[in-house]
Number of protein chains: 2
Amino acid sequence: MTQPVDGTESPRARVSFLSQSSTAASGRALRPSAKVLPEHARGHNRALVLQSLFTTGQRSRADVARSTGLTRVTVSELVTELMAEGLLVEMGQRGGARPGKPAILLDIDHSSFQVVGVDLSDFAVFRGAVLDLRGNIVRRAELPLTGITGQAALDRVVALTERLLALVSAPLLGIGVGSPGIVDLAGLVATAPNLGWTNVPLQAYLFERFGVPVVVANDANAAVLAEHSFGDAREDLMLVRIGRGVGAGLLLGGGPLYGSRFAAGEIGHVVVGTDGGQQCSCGKQGCLETWIAVPRLEAKLMDAPSEAGRDDVLREAAGRLGIALAPIVGALNLGEVVLSGPGQILGGLFVDATLETIRSRTMAPFHGDLTLRLTTLGDDIVLRGAAVMVISARLGVS
Amino acid sequence: MTQPVDGTESPRARVSFLSQSSTAASGRALRPSAKVLPEHARGHNRALVLQSLFTTGQRSRADVARSTGLTRVTVSELVTELMAEGLLVEMGQRGGARPGKPAILLDIDHSSFQVVGVDLSDFAVFRGAVLDLRGNIVRRAELPLTGITGQAALDRVVALTERLLALVSAPLLGIGVGSPGIVDLAGLVATAPNLGWTNVPLQAYLFERFGVPVVVANDANAAVLAEHSFGDAREDLMLVRIGRGVGAGLLLGGGPLYGSRFAAGEIGHVVVGTDGGQQCSCGKQGCLETWIAVPRLEAKLMDAPSEAGRDDVLREAAGRLGIALAPIVGALNLGEVVLSGPGQILGGLFVDATLETIRSRTMAPFHGDLTLRLTTLGDDIVLRGAAVMVISARLGVS
DNA sequence: TCATGTTTGTTAGTAAAGCCTACGAAGGGG
DNA sequence: CCCCTTCGTAGGCTTTACTAACAAACATGA
């Protein structure tokens with residue numbers, strides 16, 4: 001009972017290979033789905049180099065080689081290619097006194113490309129931005145959404161995108177869109193009630209219209225990607241968006257979860273508790289939305305007679321959220337839950353009470369390290385998530 | 001708005017590659033983690049060929065080439081290799097009158113290798129079996145577990161494994177173990193209260209002891225893999241094991257979910273409902289286990305005065321399970337939930353009532369196709385899942 | 001001062017893998 | 001009997017990453 005051997009190399013085994021000998025997967029291979037050609041391996045390794053510099057910039061070729069496991073030769077070749085494309089730049093020699101030839105530091109040229117991000121999740125306005133590769137917002141634009149739906153709403157998305165494209169000041173990597181509703185992997189919006197959309201192939205439509213790579217996904221899914229990339233989050237993460245409705249995005253093992261019908265994260269209409277509740281627009285009673293959707297919460301807070309009364313309102317709402325989340329946190333063994341919504345409502349007390357409820361309803365030892373907090377990305381979370389989708393799809397980096 | 005274009009090829013894009021242009025992922029690339037060498041691609045493609053024959057046997061090289069996308073040349077080479085290893089055999093020419101040279105049918109030689117599977121999840125007995133590549137049980141063995149724990153239990157696992165190894169009648173692919181408790185990716189049993197184990201490196205221990213590839217995983221995780229491979233299940237699946245305790249295994253997108261602390265699926269101690277409940281051994285009240293664990297259910301059924309009373313007991317328990325599962329089904333947008341446990345208790349009424357509760361507490365349109373059923377694999381589900389783990393790890397096939 | 005060791009990045013050659021082209025084998029149909 | 005189709009295999013080519021080797025550039029210690 002000495003070393004944790006991987007159990008791979010066996011003297012008695014006649015079949016001496018392992019399909020995926022990844023360290024993390026440790027003998028558990030996934031079902032292969034598509035053939036792999038040398039060029040695919042190449043793309044993967046190029047993304048690996050890019051990722052290495054994306055997470056920690058200012059590294060030399062030799063640094064990248066060490067961190068990726070590739071040889072310096074291969075890294076050099078990939079770097080040459082990436083520099084020719086403008087994605088990487090040399091930043092001069094590394095300072096400090098070290099033996100040997102001084103290293104030439106590399107970094108991603110974050111301004112070499114730009115991304116257009118669009119957020120359709122607000123009920124009153126379509127928001128958009130031009131972002132750089134770091135996810136920083138370079139320019140903004142928005143168009144009001146005065147109750148329009150259907151084709152008119154689609155036209156307004158196009159108008160906003162046109163306005164944003166005019167603001168782009170570097171080669172464009174693509175357009176990312178975070179849409180409310182159910183969105184499939186091809187960027188088809190199956191249903192978005194607020195926009196009156198049913199089976200709108202938004203991604204294909206925008207691609208035909210603008211001839212630029214487009215990625216369309218659910219707004220909460222975009223948000224959780226942003227939180228992961230910019231919010232210093234871990235690999236297993238649930239992001240709960242609380243607004244007029246309630247939705248969530250799930251990131252498991254670093255990848256988004258879509259669900260069997262692309263409706264993962266749709267927790268707004270899950271009934272909470274066993275003691276009734278208010279009537280919901282969906283026909284049921286006691287849906288999560290009836291407890292914590294912002295309009296209802298604000299109404300209750302208005303009615304509250306005192307500061308203590310408002311705290312009680314918040315505590316009860318937070319408790320309901322905790323009751324809904326506890327089985328999810330338990331089943332997925334989540335380490336982190338992030339809330340996105342109006343900070344003045346969801347701040348301190350609400351977060352604390354939610355966490356307390358989850359803790360009291362799950363097995364503490366498994367979740368002792370559960371953290372629950374508000375996002376630090378504010379209202380731009382979907383915009384930045386939309387950018388992450390494009391950067392991830394085009395560069396394999398996040 | 002014609003064709004669902006992938007949004008990949010853009011006339012304005014300077015960066016003309018996509019890290020992973022998988023059809024399913026559709027522009028959403030995962031963060032790369034490890035370098036890919038030509039040999040890795042080779043292993044992947046070999047697994048692809050094997051998988052193709054695994055799911056649909058009796059196919060020619062040309063058939064495999066068409067279904068995988070690889071060329072006939074490459075497939076031929078891989079097949080030659082796999083036949084030399086004994087995994088594939090030629091089954092003679094295809095019958096029926098077709099133009100052209102008749103095809104030589106291939107199939108996996110399911111008896112060419114065997115796997116040892118061990119199930120430690122029963123409280124009274126360690127069960128084991130020798131299985132073929134199809135997951136059929138060839139020989140069985142078991143050892144009673146008369147309350148022993150710690151090193152004694154470990155010794156008994158070794159004794160059972162020794163007995164099983166003596167029954168193996170073909171080259172051995174490896175040993176798979178489904179253990180209760182929290183098991184990490186290296187097969188270390190972090191905690192298994194019933195066995196009195198804490199941080200027992202079972203996988204490494206057995207590998208050192210027997211010099212054969214070993215895969216150790218949680219019993220529910222093994223079970224869900226078995227259900228997926230043999231039970232005709234879909235890619236998103238939750239398997240709930242109901243016995244002395246309650247646990248679950250989750251398969252999302254075809255891959256198992258482990259969770260941030262390898263405790264995914266541990267739902268037995270999630271509090272259900274907002275109206276109290278019985279005292280649980282964990283200290284809380286109203287944990288799922290207090291509602292549906294088999295010993296408690298049996299006690300209640302014994303106390304029930306009539307047939308109708310027993311139905312009420314089952315209905316209430318099923319309702320509680322539904323209440324616990326509803327947020328999970330909703331958040332993950334699960335299409336399928338499978339129960340594993342004593343069939344005479346969990347049959348008809350229990351399943352129906354659980355499904356009804358879930359439906360009444362989630363958004364129907366997203367889950368109209370939710371199915372909930374008992375496993376068809378019976379008590380061998382963990383044994384067969386343990387075999388799947390080994391076959392999957394060694395051959396990349398499931 | 002100068003030889004030595006160290007680190008970096010690049011050049012040349014090699015091994016692995018899958019592709020394309022082409023070919024013989026084997027059978028059906030007119 | 002000739003043409004066509006399909007199957008499996010050879011030979012040659014391209015891509016990719018690796019190993020080996022080397023020049024450049026710097027620190028250090030005799």
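Keep in mind that what you see is a predicted model, and the values were worked out from it rather than measured. Naming convention: chains lettered A, B, ... in sequence-line order (proteins, then strands); numbering from 1 in each chain.
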Are any protein N/O atoms closer than 3.5 Å to N/O atoms in nucleotides 25-30 of chain D? If there are, list each pair with its distance.
unit_1 : atom_1 : unit_2   : atom_2 : d
D:dA25 : N3     : A:Lys101 : N      : 3.2
D:dC26 : O2     : A:Gly100 : N      : 3.3

### Message
It should be established whether A:Asn45 places a side-chain nitrogen or oxygen under 4.0 Å from OP1 or OP2 of nucleotide D:dA17.
### Response
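True: A:Asn45 side-chain N/O within range (under 4.0 Å) of D:dA17 OP1/OP2.
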Note: [X]-[Y] ion pair, threshold 4.0 Å (strictly below):
X	Y	answer
A:Arg46	A:Glu85	yes
A:Arg42	A:Glu81	yes
B:Asp63	B:Arg94	yes

### Query
At what distance, to the nearest 0.5 angstrom, does CZ of B:Phe54 lie from CG of B:Leu88?
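Taking CZ in B:Phe54 and CG in B:Leu88, the distance rounds to 11.5 Å.
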### Query
In chain order, what residues pass the side-chain hydrogen bond (donor to acceptor under 3.5 Å, both in side chains) check against A:Glu90, with sequence neighbours excluded?
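Here the qualifying residues are A:Arg61.
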### Query
For B:Ile104 and D:dT6, what is the distance between atoms CD1 and P respectively, to the nearest whole Å?
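The distance from CD1 of B:Ile104 to P of D:dT6 comes to 17 Å, rounded to the nearest Å.
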### Task
Could you state the atom-to-atom distance from NE2 of B:His40 to C1' of D:dC18 in whole Å?
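That distance rounds to 13 Å.
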### Query
Given A:Ser229, which of A:Thr55, A:Val388, A:Val224 fulfils the side-chain contact (heavy atoms from CB on, under 4.5 Å) condition?
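Only match with A:Ser229 under side-chain contact (heavy atoms from CB on, under 4.5 Å): A:Val388.
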### Query
Taking A:Gln114 for the side chain and A:Leu133 for the main chain, is one N or O donor matched with an acceptor at less than 3.5 Å?
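No: the side chain of A:Gln114 does not pair with the backbone of A:Leu133.
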### Query
Using a heavy-atom cut-off of 4.0 Å to chain B, what are the terminal contacting nucleotides of DNA chain C, in 5' to 3' order?
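Terminal contacting nucleotides, 5' to 3': C:dA17 to C:dG28.
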### Query
Between B:Val64 and B:Arg59, what is the shortest heavy-atom contact and its length?
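Heavy atoms only, the tightest pair is CG2-CB, 4.4 Å.
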### Query
Contact class for A:Arg72 vs. all strands (heavy atom < 4.0 Å): base, sugar-phosphate, or nothing?
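Counting heavy atoms under 4.0 Å across all strands, the contact made by A:Arg72 includes a base.
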### Query
Is B:Arg66 touching bases, backbone alone, or none of the nucleic acid, heavy atoms closer than 4.0 Å?
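The residue B:Arg66 makes sugar-phosphate contact but no base contact.
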### Query
When the nearest nucleotide of DNA chain D is assigned to A:Val73 and to B:Glu77 on a heavy-atom basis, which residue is associated with the more 5' position?
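Final value for this comparison: B:Glu77.
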### Query
When you match B:Asp63 and A:Thr71 each to their closest nucleotide on DNA chain D, which lands nearer the 5' end?
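By nearest-heavy-atom nucleotide position, the 5'-most residue is B:Asp63.
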